[in-house]
Amino acid sequence: MSAYANQNVNTPGRYRSPAISLHWLIAILIFGGYGLGLFMTGLPASADKLLYYSWHKWAGVSVFLLAILRALWRMTHPAPPLVSGARWEHWAAHGAHLALYLLMLTIPLSGWLHSSALGYQTVYLGQFPIPDVVGKDKALAEFFGEAHEYLNYALLTVLLLHAAAALQHHWLRRDDVLRRMLPKTGANGLAVLVTLLSVIAFGVIFKLKVAEGAHAEHGAAAQVASGSESAVDPAALSGEIGAEFRQLNVPVTGNFTRFSAAALVFDPEHLDQAHADILVDTASYDLGDADYNAEVRKKEWFDSTAFPQARFVTDKVEKLADGRYQASGALTIKSKTQPAVVVFTMASEGDKVVYSGETSLLRSAYDIGDAEWNDVLEDKVVVRFKVALPKS
C-alpha cells in the first residue's frame with residue numbers, strides 16, 4: 001500500500017517562530033528583488049532607475065545576511081523530520097534545501113562582484129559601504145553579470161519546484177508540510193493565501209521576463225540601426241580625466257575620453273610664465289552604460305550639442321608648502337564660468353611629463369542636472385586627472 005494512502009497523515013513537529021519568520025522574510029525579499037531586477041533593466045535612464053538598482057542591491061545583501069542567520073539557526077535547531085515518503089523524495093528535499101542555501105549566498109556575491117567590476121561600489125542601505133574586491137574590469141563585469149543571471153535562473157527553478165512540492169503536500173496529500181512553516185493561528189487561511197501569492201508571484205515574474213526579452217531584442221535592433229560611436233581621439237594629451245559623484249552615497253566615476261590642450265606651459269623655475277588652456281569634449285563622458293552616456297549629453301546635463309566643450313583656463317600657478325602646485329583659473333561649462341582651483345603634481349616618467357591632480361565643483365553652479373536627479377545625486381563632483389605630454 002502506498003505510504004500516502006492515508007490522506008489525513010500529520011507531519012510530526014513544527015518549525016519554530018524564528019525559522020518561520022526568516023523563511024517568509026527571505027522569500028519576500030527574493031521575489032521582490034527578482035521582480036525588481038527584471039523590471040528595472042527595461043527602464044530608460046532615469047533617477048528612478050538608479051533608485052531601483054540600489055533597492056535591488058539592498059535586497060540581495062539582506063538575503064545574504066538573513067541566509068547566514070537562517071543557516072546558523074538551522075545548525076543549532078534541527079528541522080522537524082520529513083514526512084514519510086520514498087527515499088528519492090527525501091533526497092530531493094535535502095538537495096533542494098542545500099541548493100537554496102547555496103544560491104542565496106552565491107547570487108548576492110555574484111551581483112556584488114558584477115557591480116564592483118562595473119565600477120559601482122555597493123553601499124548597503126545608502127550608509128554602509130561594502131569594499132570592492134575587484135577593480136573596474138569590463139571582461140570580469142560580463143563574466144559576473146552572466147553568472148548572476150544564470151544563478152538566478154537556477155534559483156527560480158528550485159523555488160518553483162520547492163513551492164510546487166509544498167502545495168502538492170498541502171492540497172493533494174493533505175499533510176502538514178506547509179502548515180508547519182506557518183503560524184499556528186489561522187494556518188489554514190494562510191495556506192490559501194500562500195497558494196494565491198505563489199501563483200501571482202511566479203506569474204508576475206514570468207510576465208516581467210517576457211517583457212525583458214522583448215526590450216532586449218528591441219535594444220539590440222536599435223543599436224545595429226544606429227551604428228557604433230566613433231572612438232577617434234584627436235586630443236594632444238594622453239591619459240585620463242575622470243569625474244566622480246555620489247549616487248545615494250555610492251561613488252560613481254565616469255571618464256572623459258577626448259580632451260586636448262590649446263596651451264600648456266609649465267616650468268617649476270618660472271611659475272610666473274605658467275599658463276594652460278584645457279578643452280574637454282563633454283560628449284565623451286563615459287559611465288560604462290550606453291543609456292546613461294546618452295542621458296548626460298542631454299540639455300539638463302552637459303547639453304553637449306549646444307556646448308560641446310568644457311574649458312579650464314589658468315595663468316596663475318603657485319607652489320604649495322607640501323611640494324604640490326596650485327593653479328587658480330576659470331572653468332566654463334554650458335556657458336557658465338566659475339572660479340576653479342586645481343591642485344596638482346608634476347613628475348617625469350620616461351619620455352613624458354605627467355601631471356596628476358584634482359579639483360571639485362558643484363553641479364548646480366553650472367546648471368547640470370535637474371530636480372528629479374537631485375534627489376539621488378549629490379551636488380558635489382570631484383574631477384581627477386592624470387595626463388601626459390612628451391618631453392620637449
Side-chain angles (χ1 to χ4, degrees), residues 18 21-41 43 45-73 103-137 140-141 144-145 148 151-152 155 242-255 287-289 291-292 295-296 301 358 360-364 368-384:
S21 300
L22 287 169
H23 177 276
W24 294 111
L25 180 56
I26 291 172
I28 291 170
L29 287 169
I30 287 176
F31 279 100
Y34 197 101
L36 184 60
L38 293 176
F39 170 72
M40 68 190 187
T41 56
L43 296 176
S46 67
D48 286 342
K49 185 174 183 177
L50 294 180
L51 186 61
Y52 297 151
Y53 266 89
S54 293
W55 290 353
H56 178 76
K57 292 179 183 181
W58 299 348
V61 175
S62 297
V63 168
F64 180 84
L65 297 174
L66 292 173
I68 293 176
L69 185 59
R70 178 75 175 89
L72 292 173
W73 177 269
L103 289 167
M104 286 188 293
L105 295 174
T106 56
I107 288 175
L109 285 174
S110 66
W112 166 50
L113 293 170
H114 174 57
S115 184
S116 295
L118 285 173
Y120 302 116
Q121 185 181 22
T122 298
V123 180
Y124 185 48
L125 303 178
Q127 298 296 324
F128 307 103
I130 300 177
D132 293 324
V133 294
V134 297
K136 190 173 183 178
D137 186 301
L140 277 179
F144 287 122
H148 190 64
L151 286 171
N152 270 287
L155 176 62
E244 179 186 293
F245 56 92
R246 285 188 171 268
Q247 161 206 313
L248 294 172
N249 209 27
V250 177
V252 178
T253 301
N255 292 316
L287 284 161
D289 181 283
D291 288 340
Y292 285 102
E295 181 69 23
V296 297
W301 297 91
E358 68 176 54
S360 61
L361 58 93
L362 299 179
R363 290 186 297 106
S364 57
I368 298 175
D370 57 20
E372 176 194 2
W373 290 90
N374 290 340
D375 291 337
V376 296
L377 301 181
E378 288 188 8
D379 196 22
K380 182 180 177 180
V381 178
V382 178
V383 179
R384 297 186 177 91

By side-chain contact (heavy atoms from CB on, under 4.5 Å), which residues pair with [X], not counting sequence neighbours?
| X | result |
| --- | --- |
| T122 | K57, V61, W112, S115, I130 |
| P251 | Q121, V123, E244, R246 |
| L22 | L66, L69, R70 |
| K136 | none |

task = Apply side chain to side chain contact (heavy atoms under 4.5 Å, CB included) to I368 and F245, showing your working.
result = CA-CA 12 Å; I368 298 175; F245 56 92; over 6 Å; no
Hey, are the side chains of [X] and [Y] touching, using non-hydrogen atoms and a 4.5 Å cut-off?
| X | Y | result |
| --- | --- | --- |
| F128 | N249 | no |
| L50 | L377 | yes |
| D289 | E295 | no |
| V252 | L287 | yes |
| L65 | Y124 | yes |
| D48 | L43 | no |

Is there a donor-acceptor contact under 3.5 Å from the side chain of [X] to the main chain of [Y]?
| X | Y | value |
| --- | --- | --- |
| H148 | G111 | yes |
| D291 | A45 | no |
| D379 | R363 | yes |

side-chain hydrogen bond (donor to acceptor under 3.5 Å, both in side chains) with [X]: which residues, sequence neighbours excluded?
| X | result |
| --- | --- |
| E358 | R384 |
| N255 | none |
| D370 | none |
| S54 | none |

inquiry  = Let's go through L140 and L113 carefully: what are the C-alpha distance in whole Å and the side-chain angles of both, what is the deciding distance for side chain to side chain contact (heavy atoms under 4.5 Å, CB included) to 0.1 Å, and is it a yes or a no?
reply    = CA-CA 8 Å; L140 277 179; L113 293 170; over 6 Å; no
message = Going by the rule ring pair (Phe, Tyr, Trp, His ring centres under 6.0 Å), which residues pair with W24 if we only count those two or more places apart in sequence or in a different chain?
response =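 Applying ring pair (Phe, Tyr, Trp, His ring centres under 6.0 Å) to W24 gives none.
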query = Under the ring pair (Phe, Tyr, Trp, His ring centres under 6.0 Å) test, which residues partner Y52, sequence neighbours left out?
reply =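 Y52 satisfies ring pair (Phe, Tyr, Trp, His ring centres under 6.0 Å) with F39, W55 once adjacent residues are dropped.
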Heavy-atom closest contact (I26 atom, A67 atom, distance) =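 For I26 and A67, the tightest heavy-atom pair comes out as CD1-N, 4.0 Å.
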message = Please give me the minimum heavy-atom distance between L29 and A59, naming the atom from each residue.
response =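 In this case the closest contact between L29 and A59 is O-CB, 4.3 Å.
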task = Output every pair passing salt bridge (charged side-chain N to carboxylate O under 4.0 Å, His left out) with a member in residues 118-130, not counting sequence neighbours, ordered by first then second residue.
result =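 Found none.
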query = By salt bridge (Lys or Arg N to Asp or Glu O under 4.0 Å), which residues pair with E372, not counting sequence neighbours?
reply =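 Partners of E372 by the salt bridge (Lys or Arg N to Asp or Glu O under 4.0 Å) criterion come out as none, since no residue qualifies.
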